[in-house]
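Below is one structure, written out as structure tokens; the observations come after it.
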Amino acid sequence: MTRSRHTSLPAILIGALLVLAGCTSTPSPEPSTAPSHTSSPLGAKWVWAQFDEVKPYLAELKGGHTYVEVVLCDVQKSQGAFDWAVPDSYVTRTREVGMNSLVKLRIGRCWATPGAPKYPRGHGVTESAMPADMSVYTDFVTQAVRRYTDLGVSEFAIENEVNSPSFWDGSPQDYAVLARAGAQAVQAADPAARVVDGSVSSAGAGYAVAKGLLDAGQDAEAVATYQAYYERRFGTRNGQAAINEVSSPAELRAELARPGPASMVDYMEIINGLFDDGVFQTRQVHYYEAWQALPATLAYMRANTPSSVPLEMWELGIWDDDRTVDGDQRTAEVVRATVIALAAGVHKVLWLPLLDNPGGRLGQTLHGLVDPSGDGRGSSSAFALISRAAADGAAVGPVTKAGLAGATFDSTLPTMVAWATGGQVDLPAVPGASGTTLDGATTVSTTAPAATTVTGQPVLITTSGPLSALQEIAR
């Protein structure tokens, strides 16, 4: 059942935790003296082997965020012997480029868990499983939180995409047990740290969004949202994992009743319940689908999350095998998805992947902002412009003018990003304003401060005058 909007966040009950002392083989890192400029709510995820290629671009983001996975089986190859060197280097290097790390705490599969890995993905990366001894797990969480809060980390997610067998080998109920233990350990180690859910995969979340609309009696909207959400997924999977087109509420209900989709909904509802119980303080959203279905997705997340709990998108991207799509269209998609999220009140938005890798496991399907050579693209230029507009705590408001979508930013230089939702919209001139077309070129074009015709290609308009001048033409 879809939950109503909450008005308060239940208090988290912190029990006394008995944890192992644990022998640490890696000295605790000194708190970095490098400046940590995290003023932008935007950020990105990159592969660390490609750090040199993406480092020049990171300076354009004006701070921001990335996430780092810290895995029990990686930092503790044998019981009691910790080696934190690899995640330490990731967190410190992130600070050195003026960005902030978010941490995903994962178990992995090793001596600490029963059974052998079922989904090895190379470089020792496997799915997580329930620990054989919960005290080993809570000790790992405690030490990780104490270590990385000293380096400026304040948010810790419990696992990652637990609806996916390649990330989690357990039931929804198992995850609930782990989440409660992990959350208690995080807050016992540092009461100021925020506990974040592990989220569900983008491919799984759409089922819950569609079911929420059906449960609310919005049958037509449910079918339309489902079709828009999975437009690029139809025909890409087989068997129980197949994602099937539907044309009626009855067909949608039948699709949701299949074991695969039903399991996805079960995981989402378990996570919703953990939010109801106050286990998590921040909600993490992953989204790689068509931007048209993003508003409905965020509306579902907001309706099923306590009102005092912020939404953050640690993973936003474009899942699409079609490499013939031109740069203008890709840039428009990046801008629309990013701005829709910010206008909906999402606190952090991280693009994945930052560097495109056509030959890699993910590069076949995900659009990277930066070219494989490390050169910027139109989408990377546009993303950086939005990052600067949203920096320094800029208030973000939605564009509500008929036929127009986008957001306004109350930044040092008041800014509006907008696009037409059909046809074109003529906007009057704004004194002191200039417009930038966010297109597929690696550089952007600037127009004179005159009346602007907005089409489906997003534009960025700034003014030396007050924000109210932009807000007036935005509504």
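- Counting only N and O atoms by type, the side chains of Gln329 and Gln457 include no donor and acceptor under 3.5 Å apart.
- Within the structure, every pair that satisfies the salt bridge (Lys or Arg N to Asp or Glu O under 4.0 Å) test and touches residues 385-396, not counting sequence neighbours, is listed here: Lys62-Asp392.
- With rounding to the nearest 0.5 Å, the separation of CG in Asn163 from CE in Met264 is 4.5 Å.
- Judged by distance alone, the side chains of Ser373 and Asp375 do bring a donor and an acceptor atom under 3.5 Å apart.
- Listed by first and then second residue, the ring-ring contact (aromatic ring centres under 6.0 Å, His included) pairs that reach into residues 204-224 are Tyr207-Tyr230, sequence neighbours excluded.
- Side-chain polar atoms of Ser201 and His286 form no donor-acceptor pair below 3.5 angstrom.
- In terms of the ring pair (Phe, Tyr, Trp, His ring centres under 6.0 Å) criterion, Tyr175 has no residue partners (sequence neighbours excluded).
- Asn244 and Glu255 share a side-chain donor-acceptor pair at under 3.5 Å.
- With rounding to the nearest 0.5 angstrom, the CG atom of Leu311 is 11.5 Å from the NZ atom of Lys348.
- For Arg233 and Trp319, the positive end sits near the middle of the six-membered ring, less than 6.0 Å away and at most 45° from its axis.
- Side-chain contact check for Ser40 and Ser387: at least one donor-acceptor pair (N or O, by modelled atom type) lies under 3.5 Å.
- To the nearest 0.5 Å, atom OG1 of residue Thr421 and atom CD of residue Gln292 are 11.5 Å apart.
- In summary, Glu69 and Lys104 do not engage in a salt bridge, as defined by a charged side-chain N under 4.0 Å from a carboxylate O.
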What donor-acceptor contacts under 3.5 angstrom involve side-chain atoms of residues 42-50, with partners at least two apart or in another chain?
unit_1	atom_1	unit_2	atom_2	d
Lys45	NZ	Tyr67	O	2.9

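- With rounding to the nearest 0.5 angstrom, the OG1 atom of Thr338 is 9.0 Å from the CD1 atom of Ile340.
- Summarising the geometry, atom CD1 belonging to Ile107 is positioned 8.0 Å from atom SG belonging to Cys73; distances are rounded to the nearest 0.5 Å.
- Paired with Met313 under the rule side chain to side chain contact (heavy atoms under 4.5 Å, CB included), one option of Leu352, Leu342, Leu294 passes, and it is Leu294.
- Gln424 and Thr455 form no side-chain donor-acceptor contact under 3.5 Å, judged by distance and modelled atom types alone.
- Pairs passing the ring-ring contact (aromatic ring centres under 6.0 Å, His included) check and including a residue from residues 333-354, sequence neighbours excluded, do not occur.
- Using modelled atom types and a 3.5 Å distance limit, the side chains of Glu289 and Ser202 yield a donor-acceptor pair.
- Applying the ring pair (Phe, Tyr, Trp, His ring centres under 6.0 Å) rule to Tyr287 yields the partners Tyr229; only residues at least two apart in sequence or on another chain are considered.
- For the pair Arg194 and Phe156, the cation-pi criterion (under 6.0 Å, within 45° of the ring axis) is not fulfilled.
- In this structure, CG on Leu355 lies 8.0 Å from CG on Asp371, to the nearest 0.5 angstrom.
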